Colleague: 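Sending over a structure as structure tokens; questions will come in a sec.
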Amino acid sequence: MKILGIETSCDETAAAVVEVKGDQKDAGFLVLSNIVSSQIPLHKKYGGVYPELAARAHLEKIVPVIKEALRQAHTSLEEIDLIAVTHGPGLIGSLLVGVNIAKTIAYLLRKPIVPVNHLEGHLYSPFAKQNEPLSISPSLFPALGLVVSGGHTELFLIKEPGRYQLLGRTRDDAVGEAFDKVAKMVGLGYPGGPAIEKEALKKAYQKINFRLPRPMIKSQSLDFSFAGLKTAVLYSIQHFSDERLKKVRPLIAAEFQQSIAEVLSAKLLKATENFRVTSIILGGGVIANKTIQQTLKRRISRLSPHLPLFIPDPQFCTDNAAMIAIAGYIHWLKKGASQWYDVFADANAEVA
Ligand code: KG4
Ligand code: ZN
């Protein structure tokens, strides 16, 4: 079975062809092609995604991106068995581009189609593999699933593939959003995540005692809050000259990342105390951060050594369509396919 995934929820125009391997209930996935056309250069000068420009760029790129995904997978549209498209959450103008092209293909070629929740895509991103498939075995569930991206910080109990309970979410900023805003504040580029990660590896030319809070780390709630952390950075640096800021910036970057890594691991560990789970699944752009990955791995393996931790390969942490194809397969197994006229974009779609 071959699935065409289409993703246009934010600022990446993406298409992928994924082949299902193995038994239906124990399937693995081979990514035959994974095309992502990033709009980062377009939005850079605004320091964030400009929705109208994003939608126009999707319109321009979507057909060439799908064509290239099919070409690299040596697959024709006729050979596609299922179309999976992100229907939300996201920017409505952006979502409409992907949803409408997916519906058009489904209508013209009479193909089954499934609407996919973008967050559900991130939850299956560790199973997107380009060489050796990794099966989504029933023994991995119930699992904890944490999505840490530019738009979302949400912790789920995945009871089984396709069945979720939301355990906690950010009450204000998403982690990626905090990265982007703090990067802007300290004069680093967009997107902020990779820029802060790089800065943290540099040598600081002036040592200062710089400590940031670990928001909600002791709270019993599994919710998160990152707006205060961002404000703490702002207050700490407001009397710094540009020159001084530059000299201490690597320390700020490292402490900021450390705070986030500690909060995320504390919440995951708290959730493992409250719920019996057999694995932990991570996804989202921020999970590409190596320091955050290492802290999570270290802390989880120390306190729950038998709990396997699934982390996406770097190219599948940030937005892509391979993860949408896989989540589409899970959706199809559980609920079947839709008719093209029943698929709609929904900017505020919730994981159900
Ligand atoms: O998952 P994603 O591509 O899009 C959303 O669904 O939001 O995540 C994008 C976010 C951006 O905020 C970006 O700054 C952050 O992920 N990000 C990172 C890293 N790479 C991307 N954050 C921290 N460290 C990174 N290496
Ligand atoms: Zn995303």
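Values in this document were obtained by computation on a predicted structure and should not be read as measured data. Numbering of ligands and ligand atoms starts at 1, following listing order.
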Colleague: Using a 4.0 Å heavy-atom cut-off, say whether His118 meets ligand 1 through its side chain, its backbone, both or neither.
Modeller: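 Side chain only.
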Colleague: For ligand 1, is there an N or O atom under 3.5 Å from any N or O atom of Glu12?
Modeller: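 No; every N/O pair is 3.5 Å or more apart.
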Colleague: May I ask you to check whether Phe256 and Phe179 place their ring centers less than 6.0 Å from one another?
Modeller: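 Yes, they do, as the ring centres are separated by less than 6.0 Å.
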Colleague: Contact between His122 and ligand 1, counting heavy atoms under 4.0 Å?
Modeller: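 A heavy atom of His122 does come that close to ligand 1.
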Colleague: Salt bridge check: are Glu199 and Lys202 linked by an N-O gap of less than 4.0 Å?
Modeller: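 Salt bridge: yes.
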Colleague: Using a strict threshold of under 4.0 Å (side-chain N to carboxylate O), is an ion pair present between Arg214 and Glu255?
Modeller: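 Salt bridge flag = yes for Arg214 with Glu255.
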Colleague: So is Gln257 touching ligand 1 or not, going by heavy atoms under 4.0 Å?
Modeller: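 No heavy atom of Gln257 comes that close to ligand 1.
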Colleague: Using a strict cut-off of 4.0 Å, indicate which atoms of ligand 1 neighbour a heavy atom of Gly151.
Modeller: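 Answer for ligand 1: 7 (O).
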Colleague: For ligand 1, is there an N or O atom under 3.5 Å from any N or O atom of Gly284?
Modeller: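 No - when backbone and side-chain N and O of Gly284 are compared with those of ligand 1, no distance drops under 3.5 Å.
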Colleague: Taking the N/O/S atoms of Asp319 one by one, which is nearest to the Zn ion (ligand 2)?
Modeller: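 Asp319's closest N, O or S atom to the Zn ion (ligand 2) is named OD1.
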Colleague: Below the 3.5 angstrom mark, is there an N/O of Gly150, backbone or side chain, next to an N/O of ligand 1?
Modeller: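 In this structure, Gly150 places an N or O atom under 3.5 Å from an N or O of ligand 1.
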Colleague: Number the atoms of ligand 1 from 1 as they appear, then name those within less than 4.0 Å of a heavy atom of Asp180, with their elements.
Modeller: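 Counting from 1, the qualifying ligand atoms are 11 (C), 12 (O), 13 (C), 14 (O).
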Colleague: Could you tell me the angle subtended at the Zn ion (ligand 2) by NE2 of His122 and NE2 of His118, rounded to 10°?
Modeller: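 It is 100°, given to the nearest 10°.
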Colleague: Can you hop from Leu229 to Val175 via hydrophobic side chains spaced under 4.5 Å?
Modeller: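 Hydrophobic grouping puts Leu229 with Val175.
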Colleague: For the pair Glu68 and Arg71, find out whether any cationic side-chain nitrogen is under 4.0 Å from an anionic carboxylate oxygen.
Modeller: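 Here Glu68 pairs with Arg71 in a salt bridge, since their nearest N and O are under 4.0 Å apart.
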Colleague: Taking only heavy atoms of Gly176 into account, list the atoms of ligand 1 that are under 4.0 Å away from them.
Modeller: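 In order of numbering, the contacting atoms are 12 (O).
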